[in-house]
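Chain A is the first sequence line, chain B the second, and so forth, proteins listed ahead of strands; every chain is numbered from 1.
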Number of protein chains: 2
Amino acid sequence: MDVWTIRDVARRCGLSEPTLRYYEDIGLIGPIGRDASGHRQYDAADLDLIGALSCLRATGVSIGDMRTYKANLANREETAAEQRDLLLRHAERIEAEIVAQHARLGYLRAKAAVWDARDHADGVAEAEAWQAVKEAAQHLGFH
Amino acid sequence: MDVWTIRDVARRCGLSEPTLRYYEDIGLIGPIGRDASGHRQYDAADLDLIGALSCLRATGVSIGDMRTYKANLANREETAAEQRDLLLRHAERIEAEIVAQHARLGYLRAKAAVWDARDHADGVAEAEAWQAVKEAAQHLGFH
DNA sequence: TCACACACCTCAAGCGCTTGAACACAAGCA
DNA sequence: TGCTTGTGTTCAAGCGCTTGAGGTGTGTGA
């Protein structure tokens, strides 16, 4: 098995089929080969690139940065440090994002507790839950 | 101070000014009061709602779900359980997202190590780093 | 052999914002 | 008094996809 359908690639790389077509449209990948009836056939090299881009995308990297990354692949030696820095910058973004997600999780759970107390018409629990909401909101940086 | 400008609200609630205008356009919030020269003036009730919606948004809740949430505020007693469940469903999504972010972080760092090794023309380190990339990619569920 | 499912195709529109252009008003300074 | 600065306004276009409509080609079962 040395070629894959768009469906295979979507599953393996975690991108949707329309996204794969879109990336080809804008020249971020491909051009991808076609079979006799016009269906796309992805090869191993396509998969490699798409896998890497998919990770970048999942971390919030812009299409512009993905283009840079791809372009840099051509002349590895000169751009290695730049590639490393691009990846590390986005690693930092992810770290910050994880912290933010924890804060949001706390807020959501606290707020759910408020509604749960309301559902059980438990005024005491509701008051306590409100307190937790306020604290959670502080971590979110607003309210 | 019992009214706020759009700028204040954007800062306090973590939404951009255009987003606040957009939410008003589509009827998710407001209509917001205006001063003599047409500038928006948000009051405490607006802030309450916007703060809650902002959290929902930050956790990936769709505008449709936000509308539901807002509509349910009107008849609290009947919908308390629904509100709680909406929030808890999204808390679960966040938990999954945090796990995914950790996987992406591992991948980015591993890949950065590969480029760092290349930058230093260190073949041994590069080979080790590739191994780490492969393991990290496994956690991402593809490659 | 004909019907049907199914996986793919293209093209257009929609979504949830963001960005940019062009303008209005209010306060502070030369 | 006019000029600049700052903060707001509206409207239109762009971004990065997603969704949906409508069509094509291949394979299987009756």
query: Over how many whole Å does the gap from B:Arg11 atom CZ to D:dT7 atom C1' extend?
result: 11 Å
query: Tell me: CD1 of A:Ile26 to P of D:dC15, nearest whole Å?
result: 10 Å
task: Nearest whole angstrom, please: distance from the C1' of D:dG8 to the CG of B:Leu20.
output: 13 Å
message: For a quick check of understanding: with a heavy-atom distance under 4.0 Å over all strands, which category does B:Ile63 fall into, base, sugar-phosphate or nothing?
response: sugar-phosphate
- prompt: Can you tell me how far C1' of D:dG16 sits from CG of A:Asp25, to the nearest Å?
  reply: 12 Å
Residues in contact with DNA chain D, drawn from residues 28-42 of chain B - heavy-atom cutoff 4.0 Å: B:Arg34, B:Gly38, B:His39, B:Arg40
message: Which is more 5' along DNA chain C, the nucleotide nearest B:Val61 or the one nearest A:Glu17? Just name the residue.
response: A:Glu17
- prompt: Distance check: side-chain N/O of B:Tyr23 vs OP1/OP2 of C:dG16, anything under 4.0 Å?
  reply: no
Integer-rounded Å distance: D:dC15 C1' and A:Asp65 CG: 15 Å
message: As a test of reading the structure: which of C:dT10, D:dG16, D:dG8 is closest to the side chain of A:Arg21, going by heavy atoms?
response: C:dT10
- request: Please determine, for the side chain of A:Pro18, which listed nucleotide (D:dT9, D:dT18, C:dG16) has the closest atom?
  value: D:dT18
Phosphate OP1/OP2 of D:dT18: any A:Ser16 side-chain N/O under 4.0 Å: yes
message: Could you tell me how far apart B:Tyr22 (OH) and D:dT9 (P) are, to the nearest whole angstrom?
response: 18 Å
Nearest to side-chain heavy atoms of A:Thr5, which nucleotide of C:dG16, D:dG16, C:dC8: C:dC8
message: Could you check whether any side-chain N or O of A:Asp46 sits under 3.5 Å from a backbone N or O of A:Asp43, counting only pairs where one atom can act as donor and the other as acceptor?
response: yes
statement: From CG of B:Leu15 across to P of C:dT18 the rounded distance in Å is 9 Å
message: Without decimals, in angstroms, what is the distance between B:Ile6 CD1 and C:dA24 C1'?
response: 16 Å
- request: Determine yes or no for a side-chain-to-main-chain donor-acceptor pair under 3.5 angstrom, with B:Ser16 supplying the side chain and B:Thr19 the backbone.
  value: yes
message: Hydrophobic clustering (ILVMFWY, side-chain heavy atoms < 4.5 Å, transitive) - are B:Val99 and A:Val99 grouped together?
response: no
- prompt: Can A:Glu17 and A:Arg40 be counted as an ion pair, charged N to O under 4.0 angstrom?
  reply: no
field: B:Tyr42 and its side-chain contact (heavy atoms from CB on, under 4.5 Å) partner, picked from B:Thr5, B:Ile6, B:Asp8
entry: B:Ile6
field: Sole residue of A:Ile29, A:Leu86, A:Leu56 in side-chain contact (heavy atoms from CB on, under 4.5 Å) with A:Met66
entry: A:Leu56
- prompt: Nearest to the side chain of A:Arg57 - C:dC17, D:dG8, D:dC17?
  reply: D:dC17
task: Determine the minimum heavy-atom distance between B:Leu105 and A:Ala91, stating which atoms define it.
output: CD1-O, 3.3 Å
